[in-house]
Amino acid sequence: MAFFRKLRDRMFKSSSKLDQGLEALIEDGADETPEVAPAAQPVPEPVAQPAPAAAPAPKVGILGRLTGADNSPRRTLDDDMLEELEDLLVASDMGVETAQRVAANIAQSHLGQRVSQTQIKELLAREITRIMEGVARPLPIYPKKPQVVLVVGVNGSGKTTTIGKLASQFKAAGKNVVIAAGDTFRAAAVEQLQVWGQRANVPVLTAPEGSDPASLAFEAMTKAEAEGADLLMIDTAGRLQNRSDLMEELAKIVRVIRKKDPDAPHNTLLVLDATTGQNAVTQVEIFKQIADVSGLVMTKLDGTARGGVLVALADKFGLPIHAIGVGEQIDDLDAFDPEDFAKALVGLE
Ligand SMILES: Nc1nc2c(ncn2[C@@H]2O[C@H](COP(=O)(O)OP(=O)(O)OP(=O)(O)O)[C@@H](O)[C@H]2O)c(=O)[nH]1
């Protein structure tokens, strides 16, 4: 619950954008005489848990309170409203196809009904949760020792930070973790990883600057095996998905790791920066081809209006989403919870 509050508070740009858009969507097109809805009027099923006591109540008039109905503005869900809804979802980076699917599903159950702002948010959250439920999976832990986790992504997406946060969490859970600094090109990257290693109390294996990252990965596997480590997390240099030379280097790292253990890497995590919006879709496509990505981590969901891209990724690729990051601190990463995410995205308490 604590992480949900953090997520909701920090995803303010995404949610406030959708929030304001939904408010305008209902208010601008509200039916002229917002009569009090009779208690028997069909109301969409609640999305999830009952709202916490502190949640701000929807605008409910005295009569509404007495009758159990509310008299907040309502708009009839028609084709025009659906089109506006779709545009709002596209603007939150959900992608055209996913936005259309979400709107179509809402139409299927509620076309022609008069809906309030809270109801449309609840319907949206329900659809988003449904899309994302199948992909919410924490990083699987196998009995294999060492379990090799290769971490890939474009420059600055948050790989090093994510490794630090994950290493700290696994260490706290009693796992014996080793980190390998596979970005052998940038001394600053190695230093940054060493700082994270100290914070997490986890050893960081390094190689001389400029040496072959594939050899470092191989040596790290040997050392992790000798030390009986449970998990070996290998950081890699950031690479743009359109740099074929760097992508080939990544493919080589994977080939060399497989010489040591044909089943490794057991997980290949693609770390994505939420602020890149739709570009994340291309990143997944290309990294999947090169490095056989097994799961995603999305960082920087704090302070971006583009969080909807995670829904598009779930819908398009169905890859597990292991964790999300909402800040730079060690405890700003947590398992992905689809319902919490959906509520935070649409601005529901
Ligand atoms: N706001 C915010 N910042 C983050 C998050 N995750 C990482 N960062 C910041 O993003 C910046 C880049 O993070 P790194 O972990 O260095 O990224 P990287 O992918 O290892 O970078 P390269 O090695 O250069 O490719 C750092 O300033 C991090 O503190 C997050 O969830 N939220």
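No experiment lies behind these values; they were computed from the predicted model shown.
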Worksheet item: What are the two closest heavy atoms between G153 and L270, and how far apart are they?
Response: CA-CD1, 3.7 Å
Fill in: In one Ile/Leu/Val/Met/Phe/Trp/Tyr side-chain cluster, 4.5 Å: F287, M233
no
Item to complete: For the pair T299 (side chain) and L272 (backbone), establish whether a donor and an acceptor sit closer than 3.5 Å, ignoring hydrogens and angles.
Response: yes
Worksheet item: In terms of side-chain geometry, is the basic nitrogen of D261 or K144 positioned less than 4.0 Å from the acidic oxygen of its partner?
Response: yes
Discussion item. As an exercise, state the distance from CG of L139 to CG of L231, rounded to the nearest 0.5 Å.
Written reply: 7.0 Å
Worksheet item: Looking at CG of L313 and CE of M94, how far apart are the two atoms once the value is rounded to the nearest 0.5 Å?
Response: 11.5 Å
Worksheet item: Do the charged groups of K252 and D212 touch, with an N to O distance under 4.0 Å?
Response: yes
Worksheet item: Do K175 and F170 meet the cation-pi criteria used here (NZ or CZ under 6.0 Å from the six-membered ring centre, within 45° of the axis)?
Response: no
Practice prompt. Could you walk me through whether E339 and R126 pass the salt bridge (charged side-chain N to carboxylate O under 4.0 Å, His left out) test, one step at a time?
Written response: CA-CA 8 Å; E339 198 176 302; R126 195 171 68 182; over 6 Å; no
Practice prompt. May I ask you to test the E209-F185 pair for a side-chain heavy-atom distance under 4.5 Å?
Written response: no
Discussion item. Quick check for you: to the nearest 0.5 Å, what is the distance between I286 atom CD1 and L250 atom CG?
Written reply: 12.0 Å
Discussion item. For D340, is there an ion pair with K343 - N to carboxylate O distance below 4.0 angstrom?
Written reply: no
Worksheet item: Could you give the distance from CD1 (I234) to CG (L216), rounded to the nearest 0.5 Å?
Response: 7.5 Å
Worksheet entry | pair L22-L124: side-chain heavy atoms closer than 4.5 Å | yes
Worksheet item: Between M132 and A314, which heavy-atom pair has the shortest distance, and what is it?
Response: CE-CB, 3.7 Å
Item to complete: Please check if atom CD in E285 has more than 12 non-hydrogen atoms from other residues, nucleotides or ligands closer than 6.0 Å.
Response: yes
Practice prompt. Verify whether one side chain among K121 and Q117 offers a donor that lies under 3.5 Å from an acceptor in the other.
Written response: yes
Worksheet item: Honestly curious: do V152 and V271 fall in one hydrophobic cluster under the side-chain, below-4.5 Å linking rule?
Response: no
Worksheet entry | I257 side chain reached by L150 side chain, heavy atoms, under 4.5 Å | yes
Practice prompt. With side chain to side chain contact (heavy atoms under 4.5 Å, CB included) as the test, would you mind laying out the steps for T129 and I131 before giving the verdict?
Written response: CA-CA 5 Å; T129 304; I131 289 175; over 6 Å; no
Worksheet entry | Minimum heavy-atom distance between N267 and Q147, given as atom pair plus value | OD1-NE2, 2.6 Å
Worksheet item: Under the 3.5 angstrom rule, does the side chain of D230 hit a backbone N or O of N176 as a donor-acceptor pair?
Response: yes
Worksheet item: What's the shortest heavy-atom distance between K165 and L333, and which atoms?
Response: CD-CB, 3.4 Å
Worksheet item: Donor-acceptor pair, D183 side chain versus T236 backbone, under 3.5 Å?
Response: no
Worksheet entry | Min side-chain heavy-atom separation P73-R75 under 4.5 Å | no
Item to complete: Drop me the distance from M298's CE to K300's NZ, to the nearest 0.5 angstrom.
Response: 11.0 Å
Fill in: Atom CD of E83 with >12 non-hydrogen neighbours under 6.0 angstrom
no
Worksheet item: If we only count heavy atoms from C-beta on, is the L111 to L82 side-chain gap below 4.5 Å?
Response: yes
Worksheet entry | T184 versus A207, closest heavy-atom pair with distance | CG2-CB, 4.2 Å
Practice prompt. Would you check, one step at a time, whether the test side chain to side chain contact (heavy atoms under 4.5 Å, CB included) holds for V154 with D273?
Written response: CA-CA 9 Å; V154 303; D273 171 344; 5.9 Å; no
Worksheet item: What is the distance from atom CZ of R101 to atom CG of L89, rounded to the nearest 0.5 Å?
Response: 12.5 Å
Discussion item. With clusters defined by side-chain heavy atoms of hydrophobic residues (ILVMFWY) lying less than 4.5 Å apart, directly or transitively, does V195 cluster with V177?
Written reply: no
Fill in: R114 side chain to L77 backbone, donor-acceptor under 3.5 Å
no
Fill in: D292 and T268: CA distance, side-chain angles, deciding distance, side chain to side chain contact (heavy atoms under 4.5 Å, CB included) verdict
CA-CA 7 Å; D292 203 8; T268 300; 5.5 Å; no
Worksheet item: Would you say L310 and L345 are hydrophobically clustered, going by side-chain heavy atoms of ILVMFWY under 4.5 Å?
Response: yes
Item to complete: Output yes when K145 and E227 qualify as a salt bridge under the 4.0 Å nitrogen-oxygen rule, no when they do not.
Response: no
Worksheet item: Hey, does V202 have a side-chain heavy atom less than 4.5 Å from the side chain of V178?
Response: no
Discussion item. Run the side chain to side chain contact (heavy atoms under 4.5 Å, CB included) test on Q119 and R74 for me, step by step, so that the C-alpha distance in whole Å, both residues' side-chain angles and the decisive distance to 0.1 Å come before the verdict.
Written reply: CA-CA 9 Å; Q119 284 176 332; R74 283 165 185 269; 3.3 Å; yes
Practice prompt. Could you tell me whether a side-chain N or O of D87 sits under 3.5 Å from a main-chain N or O of E84, the two making a donor and an acceptor?
Written response: no
Worksheet item: Are the side chain of T206 and the backbone N or O of A180 linked by a donor-acceptor pair below 3.5 Å?
Response: no
Worksheet entry | Side chain T304, main chain L301, donor-acceptor under 3.5 Å | no
Worksheet item: Below 4.0 angstrom, N of the basic side chain to O of the carboxylate: do E225 and K260 qualify?
Response: yes
Worksheet entry | Minimum side-chain heavy-atom gap M81-T76 below 4.5 Å | no
Discussion item. I'd like to know if the side chain of H322 reaches the main chain of R137, judged simply by a donor and an acceptor atom lying under 3.5 Å from each other, with no hydrogens or angles considered.
Written reply: yes
Worksheet item: Are V190 and I253 connected in a single hydrophobic cluster, I mean Ile/Leu/Val/Met/Phe/Trp/Tyr linked by side-chain heavy atoms less than 4.5 Å apart?
Response: no
Worksheet item: Do you know which two heavy atoms are closest between P265 and V254, and how far apart they sit?
Response: CD-CG1, 4.2 Å
Discussion item. If you define the side chain from C-beta out and look only at heavy atoms, does anything of V151 sit under 4.5 Å from T162?
Written reply: no
